[in-house]
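Start at 1 and go down the list; that is how both ligands and their atoms are numbered. What you see is a predicted model, and the numbers here were worked out from it, not measured in a lab.
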Amino acid sequence: MKHTRDAAADPEFLPFFQPSLGEAEIEAVAEALRSGWLTYGPRVREFGRACARYLDVAHAVPVASCSAGLFLALKACGLRSGDEVVLPSLTFTSTLAAVLHCGATPILADVEDETLGLDPEAVAAALTPRTRAIVPVHMAGHPCRIGDLLDLARPRGLTVVEDAAHAFGATVGGKRLGAFGHATVFSFYATKCITTGDGGLVATSDDALARELELLSFHGMDGNAWQRYGDRGRWYYEIVRLGWKMHLGDPAAALGLVQLGRADELAARREAIARFYTEELAGLPGVVTPRTAPWAGHAWHLYILRVDPDVVSEGRDGLIADLTAARIGSSVHFIPLHHHPAYRDLLAAQASRLPRTERYFREAVTLPLFPDMSEAQASRVVAAVRASMSARLRA
Ligand SMILES: Cc1ncc(COP(=O)(O)O)c(C=O)c1O
């Protein structure tokens, strides 16, 4: 999938996201290719260690994607058929797919308006004797109330695997996500805070869990089997688990190492644009700008505006139509899981418990936000939102 502006096709089009890639990234990937390490190799190990240092967590296991990482983390934590897992419906399909691929039963809980993460009270109400895990999502890059969720989980012995696909670098009480729950899973997909193209990471403080993740992501192969073809390699290996092939490769890790070195710079740029949007749009009748809780450090993966359908003609669909007409990309994060055809039968009965998710879905629109966005581009977005509201606000 391509995430860059195709200037030749439409020079005016402002994409919803564009990765920030420079010569350093290109050179690092070229160097990895020249080295001959095309798959799991020394750069993957180095990238994992560098991510662990950045997140201040004992272990960080690079994997093929956040989707793969969520599945592996739940598997490694021992999730199985008959277990119930509490998760939000306001998320991407991967959060649920990981639960279902383990054979477990999803139990949906509503989100809060402030953080867009799981509402701890709704989670408490969803717990049963069969509950085995909670999978919170740090939506848009704003941390959920992870402390309150851990307070619910710990005394009951529940596993907490955090979906932090959007939230690399986000903080709670000044501490980066990564070492709160049993495992925290990040995405390095092209649109995320930092990218490896496709890729992900599972962070954990648990030595045994880290070892299990490494095994499961590499065929269940023992030891330093990745070195088999290196100068310290040997031919013998053993398969000690039924595993998968879900690890990262060296060219992607080389890209990730450069992006990791730029993580704070990229985050600062996104934050500056988000601040500009809020300064320009807060208080504009018809829209509500995103909030940041006082205890949270937002990673600003997404800037989600809410459009009040009671006062704006055609609500958020109207704003999206106006942005499209102004050649500005936008999106909706997310279509709740229980709305998708594949999951409707399974989840429809739980929809009545999700009033805030339903309302959010009617109102949400994601504006363009990426590090290399210029002030002129951000101003264009603000002007288009203002024009849309002044045309659509009902008297
Ligand atoms: C909330 C959430 N979880 C998981 C994923 C999956 O990430 P990946 O593409 O790295 O598998 C995404 C991807 O957009 C996401 O938004």
Numbering as shown, the atoms of ligand 1 that approach Cys66 to under 4.0 Å (heavy-atom distance): 4 (C), 6 (C), 7 (O), 8 (P), 10 (O), 11 (O)
Would you mind checking which non-hydrogen protein atom is closest to atom 16 (O) of ligand 1, with the distance to 0.1 Å? His166 NE2, 2.7 Å
Might you work through the ring-ring contact (aromatic ring centres under 6.0 Å, His included) test for Phe180 and His138, ending with a clear yes or no? CA-CA 12 Å; Phe180 288 94; His138 300 290; 8.2 Å; no
For atom 9 (O) of ligand 1, which protein heavy atom lies nearest, and how many Å away is it? Tyr189 CB, 3.8 Å
Check contact between Gly69 and ligand 1, using heavy atoms of the residue and a distance below 4.0 angstrom. no
Pairs of nitrogen or oxygen atoms closer than 3.5 Å, one from Thr91 and one from ligand 1: do any exist? no
Would you kindly say whether Asp198 and Ser65 are connected by a side-chain donor-acceptor distance under 3.5 Å? no
Quick check on contacts: which atoms of ligand 1 are under 4.0 angstrom from a heavy atom of Ala165? 2 (C), 3 (N), 4 (C), 5 (C), 12 (C), 15 (C)
Any N or O of Asp198 closer than 3.5 Å to N or O of ligand 1: no
Atoms of ligand 1 close to Phe334 [distance to a heavy atom under 4.0 angstrom, numbered from 1]: 16 (O)
If only side-chain N and O atoms count, and only distance matters, is there a donor-acceptor pair under 3.5 Å linking Thr131 with Arg156? no
To which protein heavy atom is atom 4 (C) of ligand 1 closest, and what is the distance rounded to 0.1 Å? Asp163 OD2, 3.5 Å
Just which atoms of ligand 1 are under 4.0 Å from any heavy atom in Gly199? 10 (O)
Who's the nearest protein heavy-atom neighbour of atom 10 (O) of ligand 1, and how far? Ser187 OG, 2.7 Å
For atom 15 (C) of ligand 1, what is the closest protein heavy atom, and at what distance to 0.1 Å? Phe92 CB, 3.5 Å
Testing Ile304, Asp110, Asp113 for side-chain contact (heavy atoms from CB on, under 4.5 Å) with Tyr360, which one passes? Ile304
Roughly how far, to the nearest 0.5 Å, is the CG atom of Leu255 from the CZ atom of Phe47? 8.5 Å
Residues Leu14 and Arg380: closest non-hydrogen pair is CB-NH1, 4.1 Å
Mind checking whether Ser67 has an N or O less than 3.5 Å away from an N or O of ligand 1? yes
Check whether His182 reaches the backbone of Val160 with its side chain - one donor and one acceptor, N or O, closer than 3.5 Å. yes
Cut-off 3.5 Å, side chains only: do Thr278 and Tyr303 have a donor facing an acceptor? yes
Closest non-hydrogen contact found for Ala254 with Arg43 is CB-CD, 3.8 Å
How does Lys192 reach ligand 1, if at all, at less than 4.0 Å between non-hydrogen atoms: by side chain, backbone, both, or neither? side chain
With heavy atoms under 4.0 Å as the rule, classify the contact between His333 and ligand 1 as side chain, backbone, both or neither. neither
Taking atom types as modelled, find out whether Thr366 and His333 have a side-chain donor-acceptor pair closer than 3.5 angstrom. yes
